[in-house]
Amino acid sequence: MGKNAQTDGNDAISRICRVLASVPRGRVITYGDLAEMAGYPRAARLAGQTLRKLPRDTRLPWHRVINAQGRISLPEPGAQRQRERLEREGITLLKGRVELAKYRWQP
DNA sequence: TAATTGACTTACG
DNA sequence: GCGTAAGCCAATT
């Protein structure tokens with residue numbers, strides 16, 4: 001047992017991925033909400049850091065994560081790929097922005 | 001242990 | 001609406 005009663009560190013990633021996997025097709029979530037729903041309020045950057053580490057072939061809907069302004073935070077060339085995937089699910093971007101009022105997912 | 005980093009957010013001008 | 005600045009927080013160095 002133990003020597004280590006602290007959080008596994010890996011926990012944050014697991015929780016965030018779990019929430020991410022629950023975001024339905026055709027909806028989006030902000031970094032802040034993703035972190036908060038995973039149990040890390042105000043740790044939006046943690047969500048971003050987690051996403052950055054995801055393998056390129058992940059099945060998780062990483063593209064459904066956008067910033068609080070409804071804009072894509074991922075730098076090019078990833079941004080183009082994300083935009084493409086979003087539109088493929090019927091999420092239209094107006095002037096590079098997703099209408100959060102319409103597509104934002106919050107249970 | 002301390003400093004740096006970052007797919008963020010909010011407040012201001 | 002846009003750029004800048006400051007605030008936040010866990011992971012990484």
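Residue numbers start from 1 in every chain, and the chains themselves are labelled A, B, ... in the order their sequence lines are given, proteins ahead of strands. Note that these values count all heavy atoms, side chains included, but never hydrogens, waters or copies made by symmetry.
- Scanning atom types as modelled, no donor and acceptor separated by under 3.5 angstrom connect the side chain of A/Arg42 and the base of C/dC8.
- Using a 4.0 Å heavy-atom distance criterion, A/Arg81 is classed as making no nucleic acid contact.
- The stretch residues 46-56 of chain A touches DNA chain C through A/Leu46, A/Gln49, A/Lys53, each having a heavy atom under 4.0 angstrom from the strand.
- Closest approach to the A/Ala12 side chain among B/dC8, B/dA7, C/dA11 is made by C/dA11 (side chain taken as heavy atoms from C-beta onward).
- Comparing A/Ala43 and A/Arg71 by the nucleotide of DNA chain C that holds the closest heavy atom to each, the one mapping nearer the 5' end is A/Arg71.
- A donor-acceptor pair is defined here as one N or O able to donate and one able to accept, closer than 3.5 Å; such a pair exists between the side chain of A/Arg27 and the backbone of A/Arg104.
- If you take CD of A/Gln82 and C1' of B/dA7, they are 8 Å apart, rounded to a whole angstrom.
- Here C/dA11 presents its P atom at 8 Å from CD1 of A/Ile13, a figure rounded to the nearest Å.
- One atom, CG of A/Leu74, and another, C1' of B/dG6, lie 13 Å apart when rounded to the nearest Å.
- The distance from atom CD1 of A/Ile72 to atom P of B/dC8 is 12 Å, rounded to the nearest whole Å.
- The nucleotide whose nearest atom lies closest to any side-chain atom of A/Arg97 is, among C/dG1, B/dA7, B/dC8, C/dG1.
- Counting only distance, with no hydrogens or angles, the side chain of A/Glu36 and the backbone of A/Pro41 share no donor-acceptor pair below 3.5 Å.
- Under the 3.5 Å distance criterion, the side-chain polar atoms of A/Arg64 are matched with a main-chain donor or acceptor of A/Val23.
- Residues from residues 63-70 of chain A lying near DNA chain B, meaning a heavy-atom separation below 4.0 Å, are A/Asn67, A/Ala68, A/Gln69 in numerical order.
- The interatomic distance linking A/Asp33 (CG) with B/dT9 (P) rounds to 8 Å, in whole Å.
- For C/dA10, the base has no donor-acceptor partner in the side chain of A/Tyr40 [N/O atoms by modelled type, under 3.5 angstrom].
- Between A/Trp62 and A/Arg85 the shortest side-chain heavy-atom distance falls below 4.5 Å.
- Contact check for A/Ile13 versus A/Asn10: side-chain heavy atoms found under the 4.5 Å cut-off.
- The nearest whole Å value for the distance from the CD1 atom in A/Ile16 to the C1' atom in B/dG6 is 13 Å.
- Note that CE of A/Met37 is 4.0 Å distant from CH2 of A/Trp105, once rounded to the nearest 0.5 Å.
- With rounding to whole Å, A/Glu36 atom CD is found 12 Å from C/dC9 atom P.
- A/Ser22 places a side-chain N or O within donor-acceptor distance of the main-chain N or O of A/Val19, the cut-off being under 3.5 Å.
- Rounding to the nearest 0.5 angstrom, the gap separating the CG atom in A/Leu46 from the CG atom in A/Leu34 is 9.0 Å.
- Here the rule is side chain to side chain contact (heavy atoms under 4.5 Å, CB included) with A/Ile72, and of A/Leu93, A/Val65, A/Asn67 only A/Leu93 fits it.
- Rounded to whole angstrom, the span from the CZ atom of A/Arg45 across to the P atom of C/dA6 amounts to 14 Å.
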